[in-house]
Amino acid sequence: QLQLVESGGGLVQPGGSLRLSCTASGFTLENYVIGWFRQAPGKEREGLSCISGSGESTDYLDSVKGRFTISRDNAKNTAYLQMNILKPEDTAIYYCALSYGFYCSGVPTFYEYNYWGQGTQVTVSS
């Protein structure tokens with residue numbers, strides 16, 4: 001019944017853009033901080049961005065600041081990650097996650113997040 005589903009990944013050329021979506025079912029979404037994470041094969045999962053329940057606070061990993069934008073539409077039970085000026089090093093599986101009881105401050109850390117989607121693949125290559 002509780003479910004997060006990411007979509008919008010795919011193959012994109014360097015310098016291109018993608019918008020990832022995360023649709024939530026079974027949640028009162030405004031009660032949760034939303035985080036976006038990514039993991040490349042053989043590498044640790046890294047937190048990219050978070051957004052507070054009402055959208056008033058956001059934070060980003062330094063390497064994506066100015067390129068990625070997190071947003072949410074609680075009425076649509078959906079969160080987004082707009083990714084611009086994509087680089088090959090952005091290639092990874094991207095996950096959205098929900099946190100109950102933590103604030104959005106600094107980059108998100110995995111242990112703060114209670115629910116996870118299955119991920120969507122983003123590949124940046126020419």
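Residue numbers run from 1 in the order of the sequence given. This is a predicted model, so every value here is computed, not measured.
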* **Qualifying side chain to side chain donor-acceptor pair (under 3.5 Å) pairs with a residue from residues 3-22, counting only residues at least two apart or across chains** => Ser17-Asn84
* To do: Could you go through the side chain to side chain contact (heavy atoms under 4.5 Å, CB included) check for Asp73 and Tyr80 one step at a time?
  => CA-CA 8 Å; Asp73 187 338; Tyr80 305 95; 4.3 Å; yes
* **Gln82 atom CD, over 12 foreign heavy atoms within 6.0 Å** => yes
* To do: Evaluate whether atom CD of Glu56 has more than 12 neighbouring non-hydrogen atoms of other residues, nucleotides or ligands under 6.0 angstrom away.
  => yes
Between [X] and [Y], is any pair of side-chain heavy atoms under 4.5 Å apart?
{"X": "Glu46", "Y": "Arg38", "result": "yes"}
{"X": "Ser57", "Y": "Ser105", "result": "no"}
{"X": "Val124", "Y": "Glu89", "result": "no"}

* **Minimal non-hydrogen separation, Pro14 against Ser125, with atom names** => CD-C, 3.6 Å
* Minimum-distance pair of heavy atoms, taken over all atoms of Leu2 and Gly26 -> CD2-O, 2.9 Å
The criterion is ring pair (Phe, Tyr, Trp, His ring centres under 6.0 Å); which residues satisfy it with [X], sequence neighbours excluded?
{"X": "Tyr32", "answer": "Phe27, Tyr100"}
{"X": "Phe37", "answer": "Tyr113, Trp116"}
{"X": "Tyr103", "answer": "none"}

* To do: Mind jotting down which residue pairs meet the disulfide bond (SG atoms under 2.5 Å apart) criterion with at least one end in residues 6-82? Sequence neighbours excluded, please.
  => Cys22-Cys96, Cys50-Cys104
* To do: If a pair satisfies disulfide bond (SG atoms under 2.5 Å apart) and one of its residues is in residues 56-93, list it, with sequence neighbours excluded.
  => none
* For the residue pair Tyr111 and Phe102, does the interplanar ring angle fall in the parallel (under 30°), tilted (30 to 60°) or perpendicular (over 60°) class? -> perpendicular
* Asked: Picking from Asn77, Leu29, Thr78, what satisfies side chain to side chain contact (heavy atoms under 4.5 Å, CB included) with Thr23?
  -> Thr78
* For the side chain of Arg72 and the backbone of Val33, is there at least one donor-acceptor N/O pair under 3.5 Å apart? -> no
* side chain to side chain contact (heavy atoms under 4.5 Å, CB included) between Tyr115 and Leu4, worked out -> CA-CA 8 Å; Tyr115 301 99; Leu4 295 173; 4.2 Å; yes
* Indicate yes or no: does Asp90 engage Lys87 in a salt bridge with an N to O separation below 4.0 Å. => no
* Go through the steps for Thr69 and Leu81 under the test side chain to side chain contact (heavy atoms under 4.5 Å, CB included), then give the verdict. => CA-CA 6 Å; Thr69 302; Leu81 186 68; over 6 Å; no
* Asked: Among the clusters formed by ILVMFWY side chains lying less than 4.5 Å apart, do Leu20 and Tyr95 turn up in the same one?
  -> no
